[in-house]
Amino acid sequence: MSSSTIYQATASAPVNIAVIKYWGKRDTKLILPTNSSLSVTLDQDHLRSTTTSRADPSFERDQLWLNGKEDEIKPGSRLATCISEMKRLRKETVEEKDANAPKISGYNVHIASYNNFPTAAGLASSASGFAALVASLAQLYELTVSPSELSIIARQGSGSACRSLFGGFVAWQMGSSPAGTDSLAVEVAPQSHWPQMHALICVASDDKKGTSSTSGMQRTVETSPLLQHRIAHIVPERMQAISEAILKRDFDTFAQITMADSNQFHAVCLDTTPPIFYMNDVSRTIIALIVELNRVSVAKGEGYKAAYTYDAGPNAVIYALDKDIKEIVQLIVSYFPQHAREFKDRFQLFAEGADINAQTKIPEGFNEAVAKRFEVGAVKTLIHTRVGDGPRRLGDEESLLAANGIPK
Ligand code: DP6
């Protein structure tokens, strides 16, 4: 090949939201968890990170730009670890096996990454970000390793990122090896298994900077007796039961376990010294609405309609089947009016151009007094999405790097 060959690849990766929560590390450097976890991958048509990587002998050092702004790659950082691990894989699995393979693992890389959702939305971008980084480098280096093997590297960027290497329903098996070689993500079921699974993200306004997952979870490990009970006696059974529920498409069991696990995650936060609070009044009100919605529905013999879950912040993610999403949007909007034209009706729930605030509806038999109505903006945005696929390989036309190797 001529010296002008450009070694470059672009990939996108999805966001995932856990239904069995990861919270606690047994090894903070390798990012080995204290319990297994399980998540649903969300559709990257709606929420994604896109990353372009290029290797070139003329690059003076490894450099990374996030949303157009350079982010320093500190030696020994999670970012530096992921990049060097990917270079090592290139060297060991390609270059040392094939004498003709170009020795690009020795070149410095330029990496540009972009999230199509605002960081201000309060959605964790580290999972999709590290997954897209690893996926684009795997493509650049023409690695033939499995997504589970790549998940071991993404895990060292951010624990939850390992689950974004797959679409559908994904388990992160905690593993037992001190080296972390068996702490990896596996597919429980692909997106196509249960495409009716939708998600409604309720973005609650949050001005104050909360406790980060990384520092919060270690405080929990050090101080919470409830976490020890959760690790030993709760999570193993729940992992088994929710995996079976997913395989059987049993929404009632899926919903009950999802809500119980979100509750217990926030309980171990409260059990931490000093205590950590992630949910606020808006979060708790959405819980009350979903509990009442399910109560009415179960009483009618129609089973569960929705499952809430909350991560390290006040936003609610509501999992529900597509047939029930419209009713859930109408209920949420009844209590949380929206700014005009804020809601993106991706699945045409309502007539085109309809005013979302004119779509309020309370289900029959629903006790309206379970919550008070909030002002416009208490829930800033509602994002309607669904279960999606794993990392995608994108064409050169989607590259984030210009010809000179600097972000466009
Ligand atoms: C509450 O993966 O962000 O979202 O491994 O320290 O980067 P680090 O933490 P991170 O923690 C995610 C915690 C959670 C639960 C989950 O996604 O399972």
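As the structure lists them, so they are numbered: ligands from 1, and atoms in each ligand from 1.
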Distances for all N or O pairs of ligand 1 and the protein under 3.5 Å?
from	atom 1	to	atom 2	distance (Å)
ligand 1	2 (O)	Ser158	OG	3.2
ligand 1	2 (O)	Ser160	N	2.9
ligand 1	2 (O)	Ser160	OG	2.7
ligand 1	5 (O)	Tyr22	OH	2.6
ligand 1	5 (O)	Gly159	N	2.8
ligand 1	6 (O)	Lys25	NZ	2.7
ligand 1	6 (O)	Arg78	NH2	3.1
ligand 1	6 (O)	Thr214	OG1	2.8
ligand 1	7 (O)	Arg78	NH1	2.8
ligand 1	7 (O)	Ser158	OG	2.7
ligand 1	17 (O)	Arg163	NH2	2.8
ligand 1	18 (O)	Tyr22	N	2.9
ligand 1	18 (O)	Arg163	NH1	3.0
ligand 1	18 (O)	Arg163	NH2	3.2

Between His110 and the options Arg54, Gln8, Gln63, the side-chain hydrogen bond (donor to acceptor under 3.5 Å, both in side chains) test singles out Gln63

In short, salt bridge (Lys or Arg N to Asp or Glu O under 4.0 Å) pairs touching residues 292-307 with sequence neighbours left out are Glu292-Arg295, Glu302-Lys305, Lys305-Glu327

- Query: Under 3.5 Å, side chain of Glu95 to main-chain N/O of Ser105, donor-acceptor pair present?
  - Reply: yes

Where do Asp345 and Lys326 land on the salt bridge (Lys or Arg N to Asp or Glu O under 4.0 Å) test, with the steps shown first? CA-CA 10 Å; Asp345 191 8; Lys326 181 173 179 180; over 6 Å; no

Q) Got a donor-acceptor contact below 3.5 angstrom from the Arg373 side chain to the Ser334 backbone? A) yes

Test Asp311 against Lys21 for salt bridge (Lys or Arg N to Asp or Glu O under 4.0 Å), laying out the working first. CA-CA 8 Å; Asp311 282 339; Lys21 303 295 187 190; 2.6 Å; yes

